[in-house]
Amino acid sequence: MDSFFSAVEVRENPELKGLPVIVGGRIGTEEEKTAEEPERKIRGVVSTCSYEAREYGIHSAMPLSRAYKLCPNAKFLPVNMPLYKRVSSEIMAILRKYADKIEQVSIDEAFLDASTKVHGWTDAREYALRIKREILEKEGLTCSIGIAPNKTIAKIASDFVKPDGLTVVEEERARDFLAPLPVKKIPGVGPKTNEVLKKMGIERIGQLASYDVQKLVAKFGKYGTRLHLIANGIDESEVEEEWERKSLSRERTLAVDTKDASVLNNCVDELAEEVYNAIKKEGFVFKTVALKVKFEDFTVHTRAKTLKSFHSDLNILKRIAKELMTEFCDGTGKEKKIRLVGVRVSSLGVVDEKQRRVVTS
DNA sequence: TCTGGGGTCCTAGGACCC
DNA sequence: TCTGGGGTCCTAGGACCC
């Protein structure tokens, strides 16, 4: 979907049309609101912004405080996740009708296996236009579609023309389509990998395609092989309909950095309760509890403990999470201040009521 | 300018077992 | 005195995605 969160907000509130709209952060609590500056005090980043806001240099992941300085007259809205989730499931229901298989990859993105629905590359374009038309008519939202012989190229293609784009990459043209693109366009190549590749003299996908695989493997391990295949237009991965949860977590950036053990322990308790409620809702039991801490200098540390058997008790979750916390605030006062706390459970199992035992994958 | 939250996957080292 | 190989599980950190 094109700038999904802000597009939904504009749809719900048409006066916003044509204005710079910035969605990010949350609604401030009463405490935070009574502070001198009511709105922008909250630590947060831009989730999504309208194309009008992008004109000001605003983009996803930018601190809200900076976005505010770049465009103080923009409409700033908190993230309204329940609304976007509702719209998302309506869109996914539309997509499902068009696909042999569908894999939802995020709230606003999905892969469709259209192998039997599309007959040739000319028909592919018609097919995509039908999808775009139905989403626009029923939801009043635009999207960008990429159609290609495999998932990776389809993803890159969907990003090629935006917003309201449609890019069809025929199998015979795949390598030529990829060759001139920068390597960062490959999903999985982030800032670090991009930098390493640059030092090797590889900036475009075409250069990666003709590079010695052995050297790529020496540098990147088995990911090197995959990179080389992708650059050559090869990706055999399937559209996977089933998704299995492997962990569940809640984390919170504090309003102010602290080393106060009671504040931190309260926070851990709250997060543990949220994690507990969430896993209970989904019917999970857990074996591993992990605590995450981000210090004021942004360094991140984690500590984990795996239990001998599965548990589903809130008090156990709280106790272990707080035990793991002690290492970071032992009360000596020498520690750095803490900015964020997170609680996560993993090694999940599902209780099979009939057999009265825990089932894991 | 001052940096969110929820995930996945990979790697490397150590403990432990046979 | 110097010392196997293979496997699993766990922990911590880091890259990446949206």
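Side chains are part of it too, since the values below use all heavy atoms of this structure and drop only hydrogens, waters and symmetry mates. Lettering follows sequence order; numbering is per chain, from 1.
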Trainee: Would you please confirm or rule out a distance under 4.0 Å between OP1 or OP2 of B:dG4 and any side-chain N or O of A:R252?
Mentor: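 The answer is no; no side-chain N or O of A:R252 sits under 4.0 Å from OP1 or OP2.
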
Trainee: According to a strict under-4.0 Å criterion, is A:K155 in side-chain N/O contact with OP1 or OP2 of C:dC18?
Mentor: yes

Trainee: With a 4.0 Å cutoff (strictly under), does any side-chain N or O of A:R339 reach OP1 or OP2 of B:dG4?
Mentor: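 For B:dG4, OP1/OP2 do have a side-chain N/O of A:R339 under 4.0 Å.
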
Trainee: Under 4.0 Å between any heavy atoms, over every strand shown, what does A:L340 touch: base, sugar-phosphate, or nothing? Just pick one.
Mentor: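 Since only primed, P, OP1 and OP2 atoms lie under 4.0 Å of A:L340, the category is sugar-phosphate.
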
Trainee: Compare side-chain N and O positions of A:R43 against OP1 and OP2 of B:dT3 and report whether any pair is under 4.0 Å apart.
Mentor: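 The answer is yes; a side-chain N or O of A:R43 sits under 4.0 Å from OP1 or OP2.
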
Trainee: Give the cluster check for A:F4 versus A:F111: same hydrophobic cluster or not, with ILVMFWY residues linked at side-chain heavy-atom distances below 4.5 Å.
Mentor: no

Trainee: Using the six-membered ring of A:Y51, assess whether NZ or CZ of A:R54 lies under 6.0 Å from its centre and within 45 degrees of the ring axis.
Mentor: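 Cation-pi check for A:R54 and A:Y51: passes.
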
Trainee: Any idea which of B:dG7, C:dC10, C:dT11 is nearest the A:K287 side chain?
Mentor: C:dC10

Trainee: Above 12 or not: heavy atoms from other molecules or residues under 6.0 Å from NZ of A:K75?
Mentor: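 Counting neighbours around NZ of A:K75, 12 or fewer heavy atoms of other residues, nucleotides or ligands fall under 6.0 Å, so no.
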
Trainee: Kindly say if A:T253 contacts the phosphate of B:dG5, meaning a side-chain N or O under 4.0 Å from OP1 or OP2.
Mentor: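 Answer is yes, contact under 4.0 Å.
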
Trainee: When the distance from CD of A:E244 to P of B:dG6 is rounded to whole Å, what number comes out?
Mentor: 21 Å

Trainee: A:S249 has a side chain; which of B:dG6, B:dT8, C:dA15 sits nearest to it?
Mentor: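 Nearest listed nucleotide: B:dG6.
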
Trainee: Just to be sure I understand the rule, does A:R344 reach a base, reach only the sugar-phosphate, or reach nothing, if contact means heavy atoms closer than 4.0 Å?
Mentor: nothing

Trainee: Could you please name the option among C:dT11, B:dT3, C:dC18 that lies closest to any side-chain atom of A:A304?
Mentor: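 Closest nucleotide to the A:A304 side chain: C:dT11.
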
Trainee: Starting at atom CG of A:D297, determine the distance to atom P of B:dC2, rounded to an integer number of angstrom.
Mentor: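 Distance check: A:D297 CG to B:dC2 P gives 18 Å.
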
Trainee: Going by side-chain contact (heavy atoms from CB on, under 4.5 Å), A:E9 matches just one of A:T48, A:V79, A:V23, A:I22. Which one?
Mentor: A:V23

Trainee: Among the nucleotides C:dT11, B:dT1, B:dG7, which one has an atom lying closest to any side-chain atom of A:T306?
Mentor: C:dT11

Trainee: Does A:T193 have a side-chain nitrogen or oxygen under 4.0 Å from the phosphate oxygens OP1 or OP2 of C:dC16?
Mentor: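 Result: yes.
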
Trainee: Could you give the NZ-to-C1' distance, from A:K246 to C:dC10, as a whole number of Å?
Mentor: 18 Å

Trainee: More 5' along DNA chain B: A:E296 or A:K292, using each one's nearest nucleotide?
Mentor: A:E296

Trainee: From the set B:dG4, C:dC18, C:dT11, return the single nucleotide nearest to any side-chain atom of A:E109.
Mentor: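 The answer is C:dC18.
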
Trainee: Report yes if a side-chain nitrogen or oxygen of A:S60 is closer than 4.0 Å to either non-bridging phosphate oxygen (OP1 or OP2) of C:dC18; otherwise report no.
Mentor: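 Answer no for this pair, as no side-chain N or O of A:S60 is under 4.0 Å from OP1 or OP2.
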
Trainee: Can you tell me if A:H301 touches the phosphate of C:dG13, counting only side-chain N or O atoms and a distance under 4.0 Å to OP1 or OP2?
Mentor: yes

Trainee: Okay, side chain of A:R339, backbone of A:D257: is any donor-acceptor separation there less than 3.5 Å?
Mentor: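 No, the answer is negative, given that no donor and acceptor are paired below the 3.5 Å cut-off.
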
Trainee: Among the candidates B:dC2, C:dT11, B:dG4, find the nucleotide nearest to the side-chain atoms of A:K69.
Mentor: B:dC2

Trainee: Could you work out which one of B:dT8, B:dC10, C:dT11 sits closest to the side chain of A:K222?
Mentor: B:dC10

Trainee: Find the distance A:R245:CZ to B:dC9:P and express it as a whole number of Å.
Mentor: 13 Å

Trainee: Just call it for A:V79: base, sugar-phosphate, or nothing, with non-hydrogen atoms closer than 4.0 Å on any strand.
Mentor: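 No contact.
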
Trainee: Between A:E296 and A:K337, is there a donor-acceptor pair closer than 3.5 Å when you use the side chain of the first and the backbone of the second?
Mentor: yes

Trainee: Expressed as a whole number of angstroms, how long is the span from A:Q104:CD to B:dT8:P?
Mentor: 14 Å

Trainee: By nearest atom, which of the nucleotides C:dG13, B:dG7, C:dC18 is closest to the A:T302 side chain?
Mentor: C:dG13

Trainee: So what does A:Y223 hit on the nucleic acid, given a heavy-atom distance under 4.0 Å: a base, only sugar-phosphate, or nothing?
Mentor: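 The residue A:Y223 makes no contact with any strand.
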
Trainee: Please work out if A:L248 contacts a base, only the sugar-phosphate, or nothing of the nucleic acid, heavy-atom cut-off 4.0 Å.
Mentor: sugar-phosphate

Trainee: Which nucleotide sits closest to the side chain of A:S247: B:dT8, C:dT11, C:dG13?
Mentor: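 Minimum distance to the A:S247 side chain belongs to B:dT8.
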
Trainee: Taking the P atom of each, how far is C:dC18 from B:dC2, in whole Å?
Mentor: 27 Å

Trainee: To the nearest angstrom, how far is A:L227 atom CG from C:dC16 atom P?
Mentor: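 That distance rounds to 11 Å.
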
Trainee: When the distance from NZ of A:K294 to C1' of B:dG4 is rounded to whole Å, what number comes out?
Mentor: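 One finds 7 Å between C1' of B:dG4 and NZ of A:K294, rounded.
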
Trainee: Find the distance A:N80:CG to B:dG4:C1' and express it as a whole number of Å.
Mentor: 17 Å

Trainee: Which of the following nucleotides, B:dT1, B:dG7, C:dA15, is nearest to the side chain of A:P63?
Mentor: B:dT1

Trainee: Would you say A:I156 and A:I202 are hydrophobically clustered, going by side-chain heavy atoms of ILVMFWY under 4.5 Å?
Mentor: yes

Trainee: Looking at A:K101 and A:V239, would you say the former's side chain and the latter's main chain have a donor-acceptor pair under 3.5 Å?
Mentor: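 Yes; judged by distance alone, with no hydrogens or angles, the pair exists.
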
Trainee: If pairing requires Watson-Crick or G-U wobble contacts with both distances under 3.5 Å, which nucleotide is the partner of B:dG6?
Mentor: C:dC17

